[in-house]
Amino acid sequence: MEIVIGIIGLVIGALGAVFAMRSAKSGSLKEADSKIESAHAEAERLIGDAKRAAETLKKEALIEAKEEIIQNKQAAEAEEKQRKRELRTLENRVMQREESLDRRNDALDKREHQLSSQQGQIEKRSRELDELVAKQTFELERISELTRDDAHKELLDKVRGEVTHEAAAIIRDSEQQVRAECHKTAQEIISLAIQRCAADHTAEVTVTSVHIPSDDLKGRIIGREGRNIRTFEQVSGVNLVIDDTPETVVLSSFDPVRRETARVALENLIADGRIHPARIEEMYRKASDLVSQRVREAGEQAAFDTGIHDLHPELVKTLGALRYRTSFGQNVLQHSIEVSELCGIMASELGVDVRVAKRAGLLHDLGKAIDHEVEGPHAVIGADLARRYGEKPAIVHAIEAHHADVDPNSVLAVLVQAADAISASRPGARRESAENYIKRLEKLEEIANSHDGVERTYAMQAGREVHVMVQPDKISDAQATVLAHDIAHQIEDEMEYPGQVRVVVIRESRAVDIAK
């Protein structure tokens, strides 16, 4: 404000000087002085007005500042009061919480004290009981003249013998009753299913050898320094065996689809006549496309033949791959179709859903298409595959249980087991090599002879029946029933065989006298 007043004074002085200079030029010095005095007076008046205005503004500013300070102070006081109230509320809550915790701690301490006293009483009572039991045991041992271990062993032996005898009697009676009621009905259903299922008695066998027009082609197949055969094996993943067999080349691979692809490619190469690495790769690609199409068509045809039209595309493809898979000489795809038909026929007789039964029968051997790639039993592999592509739990269980990898818990699972056994055991369905046949018979007799009380064992009916002769003085009639069950379960666990194996335990009783 003082700076403003000073500036106004300077301006007025300058105006006075200007007026004075003009007055000096025009004439009279006196007039100039009077004008200067009037200018000074005017300047002082203006300065006074400016000072008064500045004072007024200063007072107003001070008043406004004081009012603002008062308002801020009041707001701060109100906020402080609110915070104090909140703090008091929190303090009250904390105090209440502390009081509650104190009461709880007191209760816990009291409970702990009670438990400690009770634990002491329990331990004291337990020691008293142990001492009393020890005294009673000692007294019993003294009276019976047997130690505790001897008495325990004798009791277990007696109970085990009684339980074994009773269990054998119960099993024999139950089997006789169930067989009397169910055997005739089961025979009727199975015979009807077999009569209505018209299946071929010979099955397609996967070809693993390729005929060549002349032995001169073997050299062309091998190629210069073996480059053709190396390329063929690398591209196809199949071993190509060229030996002294006239006009024959053998293909070896665990993957049946890959082996079939290699066979088609090799036959096309032989027919074309141009055998070199580039041509081998081209022919194998064409053969792969052709076999993939055949696999898909085979799966679609199998689904169409059995009346199943909503299978996942991957299941159809995997099902078609069974066309090139055999089991004991039986084509697995044809076997699956046959099992599906048998399941449908038996399901209709038993009042079970026919479509679900046929679906489970068709997919039951699905795992055999990839069991060379995945570890585990083919039933479990097939069940996992069906579960992955959205099949119902009942169908998945039937697939998983058809070889007793898990216990069957539904009528559908038992139907699939029965249909699978019928398809595999009918005459002409399966065959095996003489070496494997002899080994299987020897293994059957070895398992039966490993049990106590067995005198002789005879494998009969091409290994489908085992007659076990037992010693009558060691094996009773009740124990013979248990022995038949034990041998049958051991055969199931340790052997692989087509169809079923019947175990017959024979116990002879002879009465001998001499006439003199």
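No hydrogens, no waters, no symmetry mates; every other heavy atom, side chains included, goes into these values. Quantities reported herein were computed from a predicted structural model and do not represent experimental measurements.
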| message | Run E445 and N449 through side-chain hydrogen bond (donor to acceptor under 3.5 Å, both in side chains) and show every step you take. | response | CA-CA 6 Å; E445 295 182 354; N449 289 327; 5.4 Å; no
| field | Worked check of side-chain hydrogen bond (donor to acceptor under 3.5 Å, both in side chains) between E338 and Q334 | value | CA-CA 6 Å; E338 185 176 340; Q334 295 299 324; over 6 Å; no
| task | Please lay out, stage by stage, how E508 and M469 fare under the test side chain to side chain contact (heavy atoms under 4.5 Å, CB included). | result | CA-CA 8 Å; E508 294 182 348; M469 311 293 292; 3.8 Å; yes
| request: Please lay out, stage by stage, how Q490 and H451 fare under the test side-chain hydrogen bond (donor to acceptor under 3.5 Å, both in side chains). | output: CA-CA 11 Å; Q490 187 174 355; H451 292 265; 2.8 Å; yes
| request: Could you check R263 against E260 for salt bridge (charged side-chain N to carboxylate O under 4.0 Å, His left out), going step by step and ending with a plain yes or no? | output: CA-CA 5 Å; R263 183 188 68 82; E260 176 66 12; 2.5 Å; yes
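Counting heavy atoms of neighbouring residues, nucleotides and ligands inside a 6.0 Å radius, atom CG of D473 exceeds 12 of them. In this structure, D493 places its CG atom where more than 12 heavy-atom neighbours from other residues, nucleotides or ligands lie under 6.0 Å away. Within a 6.0 Å sphere centred on CD of E128, other residues, nucleotides and ligands contribute more than 12 heavy atoms.
The main-chain N or O of I395 is never found under 3.5 Å from a side-chain atom of R359 such that the two would form a donor-acceptor pair. Of the possible donor and acceptor atoms, one in the side chain of N331 sits under 3.5 Å from a partner among the backbone N and O of R323. K358 places no side-chain N or O within donor-acceptor distance of the main-chain N or O of S340, the cut-off being under 3.5 Å. At least one donor-acceptor pair closer than 3.5 Å links the side chain of R325 to the backbone N or O of K368. For T318 (side chain) and E314 (main-chain N/O), a donor-acceptor pair under 3.5 Å exists by modelled atom type. Looking only at distances, no side-chain donor or acceptor of H309 sits under 3.5 Å from a matching main-chain atom of F304. Listed for the H489 side chain is no donor-acceptor partner under 3.5 Å among the backbone atoms of D486. Between the side chain of E281 and the backbone N or O of V235, no donor-acceptor pair lies under 3.5 Å. With hydrogens and angles ignored, the 3.5 Å screen pairs no side-chain donor or acceptor of S423 with any backbone N or O of D420. Side chain of Q417 to main chain of H403: no donor-acceptor pair is present (N/O by atom type, distance under 3.5 Å, no hydrogens or angles).
Residues K135 and E131 are not paired through a salt bridge, judged by the lack of any N-O separation under 4.0 Å between the basic side chain and the carboxylate. A salt bridge links K443 with E494: the distance from a Lys NZ or Arg NE/NH1/NH2 to an Asp or Glu carboxylate oxygen falls below 4.0 Å. Using a cutoff of 4.0 Å between basic side-chain nitrogens and carboxylate oxygens, K286 and D289 are not scored as salt-bridged. Salt bridge D130/R127: absent, no basic N to carboxylate O contact under 4.0 Å.
Atom CD1 in I487 sits 10.5 Å away from atom CG in L444 (nearest 0.5 Å). Atoms CZ and CG, on R507 and D477 in that order, are 4.5 Å from each other to the nearest 0.5 Å. The structure places CD1 of I308 at 4.5 Å from CG of L362, a figure rounded to the nearest 0.5 Å. A distance of 10.5 Å separates CG of L385 from CG of L319, quoted to the nearest 0.5 Å.
Checked against the 6.0 Å centroid threshold, H364 and H335 count as a close aromatic pair.
Put simply, the residue from T231, D272, N228 that forms a side chain to side chain contact (heavy atoms under 4.5 Å, CB included) with R279 is D272.
Among residues two or more places apart in sequence or in another chain, the side chain to side chain contact (heavy atoms under 4.5 Å, CB included) test is passed with Q234 by none.
Annotation for E400 and A383: closest pair CB-CB, 3.6 Å, computed over non-hydrogen atoms. Here the closest heavy-atom approach between residue A448 and residue V468 is recorded as CB-CG2, 3.9 Å. When all heavy atoms are compared, the tightest approach of A398 to V416 is CB-CG2, 4.0 Å. Here the shortest heavy-atom pairing between S236 and Y284 reads CB-CE1, 3.3 Å. Of all heavy-atom pairs spanning A480 and I475, the tightest one is N-CG2, 3.6 Å.
With hydrogens and angles left out, the side-chain atoms of S336 and D365 include no donor and acceptor closer than 3.5 Å. One side chain, D305 or Q301, offers a donor N or O that lies under 3.5 Å from an acceptor on the other.
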